[in-house]
Amino acid sequence: MWTAITVICRPRSRKSLKKAAEFGIRGGLTMSMHDHRGRFAALTFASNEAHPPLLRSLTRYEKAMQLVAINVHIHARRRLAEDCVVDGITLTPREFECLKWAACGKSAWDISQILGVSKRTVTFHQENAKAKLGVRTINQAIVRMAARARS
């Protein structure tokens, strides 16, 4: 679904448009996507012209641009997921984040306050990470994660 940047008119959107204008952005298109897990992503083509010639091409090839946007999204998610691999095992970004904070000496309660989730949620993610890594303690999981950083 294409949204023309110049058509947005809600108050918060106007603020965004003003910010964009500060960077010289006067027009463009945004392709929004939702994946099967309900996550949202967007690919924006912006220009310093109000009606750039590229805009006509982008709208003419809307279906092709939709495929481009989906592939960019898939590639970006894969690149981000690569950062969460420990010994060939992919952790979710949240599992990895909870382990990183634990490696900094933070307790489950501390991590819950930092991430804005419940202590139980932090424990849930840490338990999943331990199971995936085949270890029994958070410290063992941290050691495996630290070994990854050195190699």
Side-chain angles (χ1 to χ4, degrees), residues 1-5 7-25 27-47 54-55 58-59 61-151:
M1 165 185 181
W2 291 95
T3 305
I5 293 176
V7 173
I8 303 171
C9 38
R10 283 175 263 148
R12 277 198 317 201
S13 298
R14 282 192 199 122
K15 185 177 180 182
S16 296
L17 288 175
K18 286 179 183 176
K19 278 285 187 199
E22 290 175 19
F23 290 97
I25 298 172
L29 288 174
T30 296
M31 176 70 190
S32 62
M33 299 161 278
H34 298 272
D35 69 9
H36 67 283
R37 292 185 178 172
R39 292 179 294 209
F40 172 79
L43 178 63
T44 299
F45 299 90
S47 174
L54 178 63
L55 184 64
L58 292 174
T59 54
Y61 300 106
E62 181 177 345
K63 295 292 183 192
M65 295 313 302
Q66 185 176 23
L67 290 174
V68 168
I70 290 168
N71 282 307
V72 167
H73 176 65
I74 289 168
H75 179 72
R77 290 209 46 83
R78 282 187 184 148
R79 290 288 293 172
L80 292 172
E82 286 177 12
D83 292 341
C84 300
V85 176
V86 176
D87 290 341
I89 299 164
T90 302
L91 302 177
T92 67
R94 192 59 101 178
E95 290 165 351
F96 194 80
E97 190 173 25
C98 288
L99 282 183
K100 277 182 27 179
W101 282 114
C104 293
K106 302 295 183 189
S107 68
W109 184 87
D110 294 332
I111 298 168
S112 74
Q113 298 304 298
I114 293 167
L115 300 180
V117 297
S118 71
K119 180 182 171 191
R120 176 67 194 117
T121 298
V122 171
T123 303
F124 171 80
H125 290 301
Q126 289 177 334
E127 292 297 320
N128 285 343
K130 289 186 329 189
K132 286 179 181 180
L133 295 172
V135 297
R136 294 178 45 216
T137 69
I138 291 295
N139 287 339
Q140 289 171 332
I142 291 168
V143 167
R144 293 228 14 221
M145 189 174 73
R148 161 200 177 267
R150 285 190 298 249
S151 52

**OP:** Please assess Leu133 against Leu99 for the test side chain to side chain contact (heavy atoms under 4.5 Å, CB included), listing each intermediate value before the final yes or no.
**Re:** CA-CA 12 Å; Leu133 295 172; Leu99 282 183; 4.1 Å; yes
Original post:
How long is the gap from CD on Gln126 to CG on Leu91, to the nearest 0.5 Å?
Top reply: 11.5 Å
**OP:** Would you name the heavy atoms of Arg144 and Ile89 that are closest together and state the gap between them?
**Re:** NH2-CD1, 3.9 Å
Subject >> Distance-minimising heavy-atom pair for Lys130 and Thr137 >> reply: CD-C, 3.4 Å
Original post:
Donor-acceptor pair, Gln140 side chain versus Arg136 backbone, under 3.5 Å?
Top reply: yes
Original post:
Can you tell me how far CH2 of Trp101 sits from CG of Asp110, rounded to the nearest 0.5 angstrom?
Top reply: 10.0 Å
Original post:
In Å and rounded to the nearest 0.5 Å, what is the CZ to CG distance from Arg94 to Asn128?
Top reply: 13.0 Å
Original post:
Roughly how far apart are Arg120 CZ and His125 NE2, rounded to 0.5 Å?
Top reply: 10.0 Å
Original post:
Looking only at heavy atoms, which two atoms of Lys119 and Ser112 are closest? And how far apart?
Top reply: N-CB, 3.5 Å
Subject >> Nearest heavy-atom neighbours spanning Cys98 and Ile111 >> reply: O-CD1, 3.5 Å
**OP:** Please answer whether the main-chain N or O of Thr92 pairs with a side-chain N or O of Glu95 as donor and acceptor at a distance below 3.5 Å.
**Re:** yes
Original post:
Minimum heavy-atom separation for Ala102 to Ile138, with atom names?
Top reply: CB-CG2, 3.9 Å
Original post:
Is Trp109 close to Val122 at the side-chain level, that is, under 4.5 Å between some pair of heavy atoms?
Top reply: no
